[in-house]
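Throughout, a chain's letter reflects where its sequence line sits, starting with A, and its residues are numbered from 1. These figures come from a predicted structure and were not determined experimentally. What's counted below: heavy atoms across the whole structure, side chains too, no hydrogens, waters or symmetry copies.
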Amino acid sequence: MAALIEMREIVKIYPNGVVANDGVNFSVDRGEIHALVGENGAGKSTLMKILYGMERPTGGEILLDGQPVHFHSSNDAIAAGVGMVHQNFMLVPSFTVAENIVLGQEPLRNGLLDQAEALRVTRELSQQYGLRVEPEAVVDSINVGMRQRVEILKTLYRGAQVLILDEPTAVLTPQETQELFAAVRKLVDQGKTVIFITHKLREVKEISNRVTVMRSGKVMGVVQTEDATRESLARMMVGRDVFLQVNKPPVTRGKKVLEVHNLSYVSETGRTMLHNVSFNVYGGEVLGIAGVEGNGQTELAETLSGLRPAATGTASVNGKAILNTNPRTVRLSGVAHIPEDRLTNGLALTASIDENLIVDRYFRPPFHRGLFIDYKVVEKQSADLIQEYGIRTPNGKLPVKSLSGGNMQKVIVAREFTSDPALLIAAQPTRGIDVGATEFVRDQLVKQRTDGKAVLLISADLSEVMSLSDRIIVMYEGEITGVFPDAASVSEEELGLYMLGIKRQTKEEMEAVL
Amino acid sequence: MKRWMANPIVRETVRIVAAVGLALLLGFIITLFVSEDPLNAYRSFLLGPLTRLNRIGDWLEESITLIFLGLATAIVFKAELFSLGAEGQMVLGALTAGVVSLYVPLPPALRLPLALLAAMVVGFLWGAIPGILKANLNANELVSSLMLNTIALKIYEWLLTFYIKPPNAGYTASDFFPKEGVLPNFFPPIPGLEGVRQTLVNQTNLTIMLYIMLAAIFVVYFLMYRTPFGYELRMVGINLKFARYGGVDIKKVIILAMAVSGIFAGLAGAHLAMGIHTKLILNITFGLGFEGVVVALLARNNPLAVPFTGLAYGYLRAGADVMERASDMSREMVLVIQAIIILLVTAERVLPMVQKRIAASRSNGEGAAAAAEGGSHAA
Ligand SMILES: Nc1ncnc2c1ncn2[C@@H]1O[C@H](COP(=O)(O)OP(=O)(O)O)[C@@H](O)[C@H]1O
Ligand SMILES: [Mg+2]
């Protein structure tokens with residue numbers, strides 16, 4: 001059987017000289033779910049943008065149903081039945097869901113948009129593919145998961161037979177991911193073909209029929225999913241053995257570093273997001289905070305790091321009060337912080353790597369001497385850290401935004417780990433980054449702990465919390481509902497019950513182990 | 001795409017040259033329709049400023065003002081602060097420099113530095129006000145700086161009319177500054193070249209302000225790119241949340257940025273008073289304060305590019321003057337041509353700033369610079 005899509009010897013050289021695709025052969029059969037995996041920067045998005053007519057290949061050819069095609073724009077691709085949902089959504093925020101879906105091919109009545117018809121087709125599509133949306137809601141007001149479903153419906157409305165989903169799960173909660181998978185299966189049942197980009201190998205195993213692995217702009221292999229293991233795929237992606245298990249040597253717990261007592265936080269809109277939270281973190285331990293996102297973890301990290309004011313309570317690091325001060329004071333008290341939202345808080349995207357690495361230290365020697373910042377020292381530090389943390393870049397002068405997600409995170413990690421903190425707050429430290437970088441960041445976190453630092457790990461990835469932590473606490477609706485002094489002896493299911501608020505320990509039970 | 005186009009400096013230059021070329025062409029087409037003698041009119045526009053020594057002088061003098069203003073504006077814009085307060089700071093700079101020149105009985109070696117210093121201090125303080133209002137009350141700097149401009153202008157007019165103007169004078173202006181209060185010509189009195197110097201003194205008002213301007217360019221450059229304050233300024237401009245997260249004192253940066261910017265606007269005022277007019281007159285700034293925005297935008301807020309854009313923009317204005325005087329073209333036509341050039345050259349630069357602003361105000365005015373950047377991350 002001839003492949004539905006065949007891309008042959010695709011080469012793409014960007015104007016800045018980056019060779020994003022280097023002789024790529026890629027083929028997809030009709031009706032399959034084809035996973036395209038690779039680390040950040042491997043060239044996956046580029047290849048798909050070429051297929052979708054958004055980028056012109058520097059060389060190579062594309063066959064659709066055996067016929068050569070030349071897409072000059074994504075409109076050509078859509079006309080040929082190829083649709084794509086991007087990593088960054090492209091909806092009009094002030095329009096309703098239905099309006100967004102029909103935008104570009106609006107049903108008209110008397111020359112105006114036929115609202116009723118738009119709502120009708122939206123409902124019909126939504127039903128047909130099991131993609132739950134609220135047709136009349138304004139896009140601005142709906143959550144990320146629904147926005148994504150709107151994007152998918154929009155491509156279906158335009159008649160897509162082949163759907164390209166670029167890292168669709170990066171922004172989803174586990175429940176939403178399951179919902180998406182169900183919808184994807186339904187699409188395929190109804191005759192569609194899906195190309196699914198990801199770098200989460202667990203998802204590859206779960207959803208796909210076949211996998212193409214890319215690395216550094218080249219295809220490293222194409223395998224049937226059932227013949228692959230996560231380890232074998234990871235090895236292909238990264239080019240060496242990857243240890244998905246973290247190696248955690250035993251250490252004895254040190255002295256109390258962070259002490260939090262009765263911390264509460266009330267949001268600007270008056271909601272209590274944290275309610276009388278108390279716990280301690282000791283040197284030489286990773287305290288993991290498990291919980292479904294949105295249960296106060298973000299607020300906890302940000303009140304402790306000085307980015308938000310607390311309503312009540314106290315917190316101290318090695319005896320120094322840090323609550324309701326400011327980020328500089330908190331940092332000078334020995335706190336480092338890997339922020340949850342690295343693009344908003346953690347980096348200045350258009351500033352150089354060099355300058356991103358000094359935001360917590362530019363005012364001190366050896367960086368600051370006399371009137372000036374000593375940029376020789378800055379560059380030296382940067383070169384050392386790029387080397388030591390394996391940040392993939394030709395030099396530190398490039399803007400951070402030229403890096404892949406994983407390498408951006410390494411910049412943050414390099415900065416925060418080298419500030420010699422007593423306490424490290426790591427919020428979602430491996431979210432959205434590739435296997436190699438994830439392994440690296442996790443190893444580094446454990447290394448900090450083994451060196452006697454206190455680590456507060458906040459992660460929505462339950463397996464991450466379980467494999468890295470020494471102790472675990474569970475947060476639910478802004479409160480601590482469970483404390484597990486030995487992370488190794490608790491099961492995923494048990495934690496799940498606390499995370500969903502089905503079980504909770506009494507105050508006495510918790511105090512006994514805290 | 002050709003390889004050499006990948007070089008940002010080349011690309012930038014090509015773009016500017018293309019924009020200016022296109023605008024000049026459009027301008028010429030307009031002239032063809034409007035003027036009886038379009039060739040001559042356009043020649044006076046393009047070459048006029050170079051035809052006589054005094055015209056060259058006019059061009060360079062105004063460019064000095066523009067360059068000071070461009071530096072002032074670049075500083076605030078670099079922090080993504082939309083302060084338009086240079087006009088008011090300049091007026092007060094002119095006022096204080098003028099008052100010192102007129103009334104402080106000191107020899108030139110002391111009086112001149114004191115006058116310049118006074119203008120800088122007043123610019124600093126007047127600039128700090130909208131900064132303080134923004135940092136503490138979150139008052140929009142655009143609005144407050146514009147209001148302060150009006151206040152400064154009124155203070156100037158009031159003092160000039162009722163206190164500084166000689167009682168018997170028929171027009172609203174001060175006396176000419178005494179010799180001790182006028183800046184010396186930039187050309188040093190070299191023995192044997194007295195004739196050259198005299199010609200320059202007679203035909204131009206190019207003073208030692210030229211050297212102060214050159215120094216200012218380097219001061220601003222080093223301030224921006226080599227000092228901790230400059231680092232803070234730039235990080236606040238790129239991503240305010242990042243700066244805050246890293247421990248930068250945002251309020252301090254906002255206030256200082258606006259105040260330091262005022263120093264250079266104050267110097268522009270001193271240049272007007274002590275270099276060009278050598279007396280205080282009504283409307284001494286001619287609204288020049290806002291032209292600093294164009295100079296800074298063209299220079300991408302880079303202090304080392306400001307002298308070039310200042311000279312280029314000054315040339316355009318000088319050419320317009322000559323054309324207006326030497327042909328049947330009205331000033332308005334000339335302004336249209338200028339506007340086309342500015343539009344073509346700056347459009348690409350203003351748009352992202354406006355987008356950023358909108359994104360920032362959407363996320364509750366917290367200045368989410370990253371919102372505009374978020375789309376471009378390479379993940
Ligand atoms: N528009 C662009 N201009 C220049 N370089 C780009 C552009 N888009 C991507 N790149 C570079 O091309 C390479 C591949 O990127 P991409 O296709 O986005 O990878 P992936 O989707 O696998 O993470 C990276 O090095 C990236 O920095
Ligand atoms: Mg990608």
Side-chain angles (χ1 to χ4, degrees), chain A residues 13-18 40-41 45 87-88 90 93 140 167 170 268 302 305-307 326-332 337 339 341-351 355-356 358-364 367-368 371-375 400-408 415 432-434, chain B residues 1-8 10-11 78 80 219 221-253 300 352 356 358-360 362-379:
Chain A
I13 304 173
Y14 279 111
N16 60 2
V18 172
N40 276 315
S45 295
Q87 258 169 306
N88 308 305
M90 301 184 171
D140 225 1
E167 303 207 21
E268 279 162 30
E302 296 196 355
S305 57
L307 292 169
N326 57 58
R328 167 99 21 115
T329 307
V330 173
R331 283 178 176 278
L332 293 177
H337 177 202
D341 189 340
R342 61 174 161 268
L343 298 180
T344 309
N345 282 319
L347 297 165
L349 290 176
T350 54
E355 294 206 310
N356 270 277
I358 58 170
V359 73
D360 63 332
R361 61 197 70 164
Y362 65 91
F363 56 91
R364 308 194 289 238
F367 301 98
H368 180 205
L371 279 179
F372 296 116
I373 292 179
D374 187 341
Y375 273 90
V400 158
K401 73 169 181 199
S402 70
L403 300 177
S404 68
N407 281 298
M408 286 188 194
R415 181 182 64 223
I433 64 177
D434 55 70
Chain B
M1 175 124 29
K2 295 218 176 62
R3 271 287 155 129
W4 53 265
M5 278 298 280
N7 181 335
V10 174
R11 207 166 46 210
K78 202 74 181 178
E80 291 276 313
V219 167
Y221 175 78
F222 277 99
L223 184 76
M224 236 183 223
Y225 290 101
R226 286 287 175 266
T227 65
F229 170 66
Y231 176 79
E232 293 170 343
L233 181 85
R234 287 181 295 117
M235 293 307 128
V236 167
I238 293 174
N239 181 354
L240 186 130
K241 289 189 170 177
F242 169 72
R244 199 165 92 88
Y245 151 88
V248 173
D249 183 346
I250 308 288
K251 288 185 179 185
K252 183 197 84 178
V253 174
R300 249 189 198 175
K356 244 184 186 180
I358 293 171
R362 281 230 178 109
S363 60
N364 300 329
E366 277 192 57
E373 312 286 0
S376 57
H377 78 105

Asks: Once you round to the nearest 0.5 Å, how far does CD1 of A:I373 lie from OH of B:Y225?
Replies: 13.0 Å
Asks: State the CG-CZ distance between B:L223 and A:F372, to the nearest 0.5 angstrom.
Replies: 9.0 Å
Asks: Taking A:I358, A:D374, A:V330, A:D341 one by one, which has the highest count of heavy-atom pairs under 4.5 Å against chain B?
Replies: A:I358
Asks: Answer yes or no: is there a side-chain heavy-atom contact under 4.5 Å between B:F242 and A:N356?
Replies: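 B:F242 reaches A:N356 side chain to side chain.
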Asks: A:P339: what forms a side-chain contact (heavy atoms from CB on, under 4.5 Å) with it, not counting sequence neighbours?
Replies: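 side-chain contact (heavy atoms from CB on, under 4.5 Å) check on A:P339 returns A:H337, A:N345, A:I412, B:Y245.
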Asks: How many angstroms lie between atom NZ of B:K241 and atom CG of A:L347, to the nearest 0.5 angstrom?
Replies: 14.0 Å
Asks: How long is the span from the CD1 atom in B:I250 to the CG atom in A:N326, to the nearest 0.5 Å?
Replies: 10.5 Å
Asks: What part of A:R361 lies closer than 4.5 angstrom to a heavy atom of chain B: side chain, backbone, both or neither?
Replies: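 For A:R361, there is no contact with chain B at all, as no heavy atom is under 4.5 Å.
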Asks: Please check: side-chain N/O of A:Y362 versus main-chain N/O of B:T227, any donor-acceptor pairing under 3.5 Å?
Replies: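 No, A:Y362 side chain to B:T227 backbone: no donor-acceptor pair under 3.5 Å.
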Asks: For chain B, find which of A:A348, A:P327, A:G406 contributes the most heavy-atom pairs closer than 4.5 angstrom.
Replies: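 Looking at each of A:A348, A:P327, A:G406 in turn, A:A348 comes out on top.
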Asks: Any side-chain heavy atom of A:L307 sitting closer than 4.5 Å to one from B:R244?
Replies: yes
Asks: Is a side-chain donor or acceptor of B:N239 paired with a backbone partner of A:L349 at a separation under 3.5 angstrom?
Replies: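 Checking the backbone N and O of A:L349 against the side chain of B:N239, no donor-acceptor pair under 3.5 Å is found.
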